[in-house]
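Worksheet for the structure shown next.
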Amino acid sequence: MIVAIDGPAASGKSTTAKIVGSRLNYLYIDTGAMYRAMALKAFLSKVDYEDRGAVCALLPETSIVQVIDQKTGDTKTLLDGRNVSHDIRTPEISKGVTAVCEIDEVRTKLVELQREMAGKGDVILDGRDIGTVVFPDADFKFFMVADLDIRAERRLKELEEKGIEADITEVRKDIERRDIRDSSRSNSPLKPASDSILVDTSVMSIEEQAEFIISRIKGLK
Ligand code: DC
C-alpha cells in the first residue's frame with residue numbers, strides 16, 4: 001500500500017502522516033527531510049546552494065537514509081550516518097533547500113532512494129511530488145492545503161517546541177517564498193495530482209486530519 005500526501009509548506013502533512021503511519025503500521029517517509037539533508041550537506045561543505053555544479057559534485061559522496069527510531073517510533077534522518085533530524089529544521093536550511101531541491105540530479109537521486117525505501121512494505125510518504133512523479137500509481141493521494149497565516153503559526157510553534165528561535169514574520173515570509181518557488185519550478189513542481197483528494201486543514205485539528213485520512217484508506221468515507 002502506498003499513500004501519498006503532498007501540499008505546500010506547513011500544511012500539516014508530516015504531523016498527520018506520522019500519526020497515520022504509526023496507527024496503521026506503515027513506514028513513514030519524510031521526503032522533505034531528505035531534500036533538507038542534502039541542503040545541510042551543502043552547508044557543511046561550504047558550498048553555495050545555488051551552485052548546481054558544486055552541489056552535484058557532492059552527490060556521489062552523500063548518504064541520506066531514513067530509519068525508524070526504535071525508542072520513539074519516529075522517523076530519523078541520517079546524513080552520512082549521523083542523525084541530523086534536528087539540524088535540518090533551522091531557518092538557514094529552510095532557506096537553502098529551495099535551491100538544492102530544484103537540481104535535477106538531486107531529485108533523481110532522492111526519488112530513486114524514496115522508491116527503494118517504499119519497496120519494503122506499506123508506506124506513507126509526504127512531500128510535493130509524491131502523487132504526481134514519485135508514485136503516480138499510489139493507492140491513495142491526498143493534497144493538503146491551509147491558510148498561510150495558520151501555517152505560519154503552526155510552523156512557529158513547531159520550531160519553538162524544538163528549541164529553534166524564529167520570528168512569525170520571517171517564518172511567514174519563508175513559507176510564502178518556498179511555496180512560490182516550489183510551485184513554479186520546472187522539475188516536479190508542487191501541484192495536486194488530478195486524482196488526489198483535497199484536504200483543507202485550516203480549521204481541522206491534527207486528530208481530525210489523521211482520522212479523515214485513515215477513514216478514507218479504510219474505505220469508510
Ligand atoms: O516538507 P518540507 O518543508 O520539509 O520540505 C523542504 C523543501 O523540500 C521544500 O521547500 C520543497 C522540497 N521538497 C521537494 O521539492 N519535493 C519533495 N518531495 C519534498 C520536499
Side-chain angles (χ1 to χ4, degrees), residues 2-18 21 28-43 49-50 52 55 64 66 74-77 79 84-118 123-136 138 141-146 148 151-152 154-159 162 164 166 170-193 196 201 209:
I2 293 178
V3 179
I5 304 193
D6 290 304
S11 53
K13 305 180 300 287
S14 38
T15 318
T16 311
K18 214 179 285 173
Y28 163 54
I29 301 174
D30 177 353
T31 66
M34 299 173 76
Y35 290 96
R36 284 171 178 271
M38 194 61 217
L40 179 63
K41 174 80 178 210
F43 176 75
Y49 306 115
E50 303 278 350
R52 293 181 169 233
V55 174
I64 295 170
Q66 298 221 307
D74 284 346
T75 300
K76 283 193 302 194
T77 305
L79 170 65
V84 294
S85 309
H86 183 266
D87 300 1
I88 57 175
R89 302 288 158 196
T90 61
E92 167 67 33
I93 298 304
S94 292
K95 273 206 188 79
V97 68
T98 333
V100 169
C101 74
E102 282 176 358
I103 301 172
D104 292 346
E105 290 85 344
V106 168
R107 299 205 73 85
T108 304
K109 172 163 173 155
L110 296 190
V111 167
E112 206 174 282
L113 287 173
Q114 289 154 21
R115 290 185 179 142
E116 239 171 62
M117 283 191 276
V123 282
I124 180 161
L125 305 97
D126 84 56
R128 304 292 189 286
D129 59 342
I130 309 302
T132 49
V133 174
V134 187
F135 288 109
K141 298 179 187 179
F142 298 93
F143 195 84
M144 291 184 129
V145 292
L148 177 61
R151 290 190 284 137
R154 284 182 189 159
R155 182 50 52 91
L156 181 73
K157 195 164 160 257
E158 255 172 45
L159 290 170
K162 289 190 168 105
I164 298 171
E170 286 306 312
V171 170
R172 191 183 188 280
K173 251 197 252 164
D174 175 67
I175 291 178
E176 202 174 17
R177 179 191 61 81
R178 281 200 291 140
D179 285 354
I180 294 170
R181 208 160 153 177
D182 288 341
S183 312
S184 52
R185 66 172 178 239
S186 55
N187 187 345
S188 316
L190 163 69
K191 64 170 183 194
S196 63
T201 68
Q209 294 164 34

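All ligand and atom numbering here is 1-based and tracks the order in the structure. Position 1 is the first residue of the sequence, and the numbers go up from there. Everything quoted here is computed from the prediction, not taken from an experiment.
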Nearest candidate to atom 12 (C) of ligand 1, where distance is taken over non-hydrogen atoms, out of A39, C101, A33
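Shortest heavy-atom distance from atom 12 (C) of ligand 1: C101.
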Proximity of R178 to ligand 1 by residue part, where a heavy atom lies under 4.0 Å
side chain
At a non-hydrogen distance cut-off of under 4.0 Å, which region of R36 contacts ligand 1 (side chain, backbone, both, or neither)?
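Side chain only; the backbone of R36 stays clear of ligand 1.
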With a 4.0 Å cut-off on heavy atoms, does [X] reach ligand 1?
| X | answer |
| --- | --- |
| T98 | no |
| R185 | yes |
| R89 | yes |
| R107 | yes |

In the protein, which heavy atom is nearest to [atom], and how far is it?
| atom | answer |
| --- | --- |
| atom 20 (C) of ligand 1 | G32 CA, 3.5 Å |
| atom 19 (C) of ligand 1 | T31 OG1, 3.3 Å |
| atom 11 (C) of ligand 1 | D182 OD2, 3.2 Å |
| atom 1 (O) of ligand 1 | R128 NH1, 3.0 Å |

Report the C-alpha distance between K109 and E112 in whole Å, list the side-chain angles of each, state the deciding distance to 0.1 Å, and finish with yes or no for salt bridge (charged side-chain N to carboxylate O under 4.0 Å, His left out).
CA-CA 5 Å; K109 172 163 173 155; E112 206 174 282; over 6 Å; no
Test: [X] and [Y] ion pair at under 4.0 Å:
| X | Y | value |
| --- | --- | --- |
| D174 | R177 | yes |
| E105 | R52 | no |
| R151 | D179 | yes |

Kindly confirm or rule out an N or O of D129 lying under 3.5 angstrom from an N or O of ligand 1.
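N/O-N/O distance under 3.5 Å: yes.
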Less than 3.5 Å between some nitrogen or oxygen of D30 and one of ligand 1, yes or no?
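Between D30 and ligand 1, no N or O pair is found under 3.5 Å apart.
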Hey, what do you get for CD1 (I29) to OG1 (T77), rounding to the nearest 0.5 Å?
11.0 Å
Compare all side-chain heavy atoms of F143 with those of P8 and state whether any distance is below 4.5 angstrom.
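Touching, per the 4.5 Å side-chain cut-off.
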Any donor-acceptor pair under 3.5 Å linking the side-chain atoms of S94 with those of R36?
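Side-chain D/A pair, R36 to S94: present.
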Are more than 12 heavy atoms from other residues, nucleotides or ligands located less than 6.0 Å from atom NZ of K191?
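Open.
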Side chain of T75, backbone of Y28: donor and acceptor closer than 3.5 Å?
yes
